[in-house]
Structure formats: C-alpha cells, structure tokens
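Report on the structure given below.
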Amino acid sequence: MKYAFPENFWWGSASSAQQTEGESLKGGKSATTWDAWYASQPWRFHQQVGPQDTSTFYQHWREDIALLKALNHNSFRTSISWSRLIPDGIGEVNREAVAFYSTMLSELAEQGIEPFITLFHFDMPMVMQEKGGWENREVVEAFSRYAQICFDLFGHQVKHWFTFNEPIVPVEGGYLYDFHYPNVVDFKRAATVAYNTVLAHASAVRAFRAGHHSGEIGIVLNLTPSYPRSQHPADLKAAHHADLLFNRSFLDPVLRGEYPADLVALLKEYDQLPACHLGDKELIAAGKVDLLGINYYQPRRVKCRDSAVNPESPFMPEWLFDYYEMPGRKMNPWRGWEIYEPGIYDILVNLRDNYGNPRCFISENGMGVENEQRFIENGQINDQYRITFITDHLKWLHKGISEGCNCLGYHMWTFIDNWSWCNAYKNRYGFVQLDLETQKRTVKKSGEWFAATAKNNGFD
Ligand code: BGP
C-alpha cells in the first residue's frame, strides 16, 4: 500500500534553544534555571554533562541548516531563548541575540525551510524564576512583553509561532515530581503555575492579534491519551481524571477558550483552586489558537486506586488514580517509555470529534536510544528500529488524515542528538549522530530514510 500524504505536508524535526545552542552564558545571555541548577547541583545531571555542552547551534547553525536541507526538511521548529534575547527578562534587548536569530532565520528562508518558532521551551530565565517564575503574575506580564518583542523583531521572518512547548511538563517536573527546577512538591503551587501559564499563553496570543501580525499562532502540547484498565466505572473515572489534569487543563483553554468546568469543580472540591482575577475569563477566551502542535510519545495506562489515600497526606494527582502496567504492552527498552502507535490516531480523532477538528500537526514524536554507537555499521548508525518506529506511527497518522483529521505535518524529535534536561546524552534521538568531543555530524540511516520519505511525500 502507498502511504501518500497531503500536498504541502510539513516534513521536519524539532529542537530547542537550551538543548542545542550552547554558549549558555555567553553572547550576552543570562542563566536559565537549567544553567543555574547545573552549576549548583551537577550530580543531578547524567554523567554531569550540563546545558553548556550541546551541538553548538550558536556556531554551527549554517552547517546544521545545510543538513536540514539535505534531509529534505521543508520546516523546522526551534525556540528563541528568552534569557538570550532579554538577559534581565524585562529590559534591554540583546543586539547580539537579535543578529543571531535574524541571520539564522534568513538562512532557513534561503534554504526553503519554514521556521516554526517556540517562545518558551522549559528555559525560564533565572532572574524571572527568582521573582517566583510562573507562580508570579508579574512574570506572566513579562512573558507577554517578551512575546511582543519577538513578534515585532522577527514577525517578517516567522509565520508559525508557538507560545509554549509542553507547558504541563514544568508543572509536573517543577512542582509535583521533582525533575525540573525549583523541584518542590506542592499541588496548590502546581495548579497556580499551570493557571498562570494559561494566562501567559493567552496574553501572548492577544498581543499577537492586537499587533495584526501575519501568520499564525499556536501552542505545542504533549498529549497523553489516558486508557482505562477496564470499563468498570471506577477505572473510567480514574482515566477521566488523568485526562482532565494532564491533557484538558491546557487543551480546553487553548482550543475552546475556557477552563474545563469539571476541572474547576475538582480543584474546588480538594481546595486547590488558584487565585483568579477579574478579567481572567475574558483573557483565557482570547487565547484560542490557530494551530496546535501535538507532541506524542506515550499514553497513560490508568486504573482506580486499590487502596484508600491517607487523608492527612498532601493532595496529589495520585489521590484520583493510579497507573498500571498493561500486560503485553510494547516498551522502548532504552527510554522506558511505552510505544503505542494507535495513540497518535486516537488523539487526532478526539480532536476531530470533540474539538472541532483544529488545524494541527505532530510537533514531536521520537525514540530515545541508549549507547547508540553500538549500532554503527560502516561508520553509520544503522537505526532500523527508529525507521520502524516512525513508519508505524505515520501509518496511523495517515489513517487519521484519510478519515478527515486536520493534521498538516509530522516533525520528529529531533534533528541532531541533543542535550536533554536531566538525561544529558543518555538517550539519543537524532536523525544525525553527534560526536560531542569533535562536534562531527554523521547522518544516521533514519536520516536518509526520512529524506527520501519527505521527498516522496510518503512511502510504500
Ligand atoms: C519532550 C521535550 C523535548 C525532549 C523530548 C525527549 O518532552 O519537548 O525537549 O527532551 O521530550 O525527552 P527526553 O529528552 O527527556 O528523553
């Protein structure tokens, strides 16, 4: 069977500033929470490689863009670093950063590669975190100003903007499960951070529309379909709660322009409702997007709790549900994440049937592999497992599109092996292998396969 994709389908990959640029504290850039965290607690980071050790996109962008072109990308997502563009978060714009981003964007245009630009990909400037980060409404305002500056500076070069990448992750990592700074565990604070992020997003969208910028604005969400263990009402309720907290808490505001009433009721019931101000409702309504980026890695397998919670313990999501290991599930043995290809289809069908079939695309999907050098054959990583992974996901994506889902593209995570938050280089995801010592780039077999697939706009 031939899997042909719609005309002008976006074929590409995604990355982020903090994970690729390097020059963490150079070129006028100030520290993000990652730079500061690594400096103070290097033991948290895998083999103590911190965010300064990257594929040095800041120097090698021209070479990397040539490689993107060679891999037949017609689009590429990366982010602007807030702490590079406005080192104190709110004041002067760093001219060196403007020169870097605008020259890089021009080169993408020159090569016929559409830039997709994220404004915030986990990299909170430390100066803003010191003011409370997303817990502080002043930071919400500051983000909106930063967004406007980006629209004004680069609006003539960028037609696809994304306010946030995976905004639920800093909530989970920083305020619930201890894998992002400021590594606290406090549900009420987590709820406030999530709420303020929705406001920051909506504020940026409102500014984009008020500025009459051309192009479109969206957000990138990591959607994790929550599958119940059984059709028993208790399991169904558990799955509903997981979906509400981890998907709909952002999906409903950005697609429907409102907070889900059942989420508000739930937070009220457990006394976890964040402070709302007059005008918030209207602001959230203004945050509806033109385009949704979907990051899909794995689903959640959910069941009801088998034991009662200790009512004296602080409230956590696990009061409402539990996870279970579905027998026979397929795992990525290296990253420890489940591989469930139909999930990509289920997400699209849910968007089609329950959210008015929004314009969307797969903005990340990928397979992290440990010790990938062991698969080198004749000087090249033979990552057939990654080709199979992508093909199997694309088949389900194709099915969704053929059934009317409005999915416009597929971006892989990621272009080149990059530094990852707490895992550094443990799990490699790239189409291109990076030798961290020499900075040598070598295209993997999957890169060649992707180039052919993009060129043919599909595969057999
Ligand atoms: C996504 C992030 C990326 C990237 C990817 C892989 O959630 O948007 O930044 O890191 O996951 O995850 P990891 O690097 O933790 O294996």
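Indexing begins at 1, ligand by ligand and atom by atom, following the structure's order.
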Requested in this report: Looking only at non-hydrogen atoms, find the nearest pair between Trp61 and Glu107 and report the distance.
Outcome: CZ3-CB, 3.6 Å
Requested in this report: Can you pull out the closest protein heavy atom to atom 7 (O) of ligand 1? Residue, atom name and distance to 0.1 Å, please.
Outcome: Glu166 OE1, 2.6 Å
Query - Where at least one partner belongs to residues 338-353, residue pairs that pass salt bridge (Lys or Arg N to Asp or Glu O under 4.0 Å), sequence neighbours excluded - result: Arg301-Glu338, Lys330-Glu341
Query raised in the report: Would Arg300 count as a cation-pi partner of Phe246, with NZ or CZ less than 6.0 Å from the six-membered ring centre and within 45° of the ring normal?
Result: yes
Report summary line: In this structure, atom 16 (O) of ligand 1 is nearest to the protein heavy atom Tyr429 OH, 2.5 Å
Query raised in the report: Does the pair Arg229/Asp322 count as a salt bridge with the N-to-O cut at 4.0 Å?
Result: no
Query raised in the report: Do any nitrogen or oxygen atoms of His121 lie less than 3.5 angstrom from nitrogen or oxygen atoms of ligand 1?
Result: yes
**Report entry** Criterion salt bridge (charged side-chain N to carboxylate O under 4.0 Å, His left out) against Lys29, the qualifying member of Asp35, Asp123, Asp88
**Finding:** Asp35
Requested in this report: Could you see which bit of Trp337 sits under 4.0 Å from ligand 1, with heavy atoms only: side chain, backbone, both or neither?
Outcome: side chain
Query - Identity and distance of the protein heavy atom lying nearest atom 10 (O) of ligand 1 - result: Trp421 NE1, 3.2 Å
Report summary line: Applied to residues 248-258, the side-chain hydrogen bond (donor to acceptor under 3.5 Å, both in side chains) test, sequence neighbours excluded, yields Arg248-Asp252, Arg248-Asp262, Asp252-Arg256, Asp252-Tyr355
Query raised in the report: Does a sphere of radius 6.0 Å around OH in Tyr181 hold more than 12 heavy atoms from other residues, nucleotides or ligands, not counting ones at 6.0 Å or beyond?
Result: no
Report summary line: Residue, atom and distance of the protein heavy atom nearest atom 2 (C) of ligand 1 read Glu364 OE1, 3.5 Å
Query raised in the report: Can you tell me which residue and heavy atom of the protein come closest to atom 5 (C) of ligand 1, and the distance to 0.1 Å?
Result: Tyr297 OH, 3.4 Å
Report summary line: Any heavy atom of Thr414 under 4.0 Å from ligand 1? The part involved is neither
Query raised in the report: Distance under 6.0 Å and angle within 45° of the ring axis: does Arg84 meet both against Tyr58?
Result: yes
Report task. Quick one: look up the protein heavy atom nearest atom 15 (O) of ligand 1 and list residue, atom name and how far away it is. Result -> Arg335 NH2, 2.9 Å
Report summary line: heavy-atom search around atom 14 (O) of ligand 1 in the protein gives Ser420 OG, 2.4 Å
Query raised in the report: Less than 3.5 Å between some nitrogen or oxygen of Gln19 and one of ligand 1, yes or no?
Result: yes
Query raised in the report: Does even one non-hydrogen atom of Asn165 get within less than 4.0 Å of ligand 1?
Result: yes
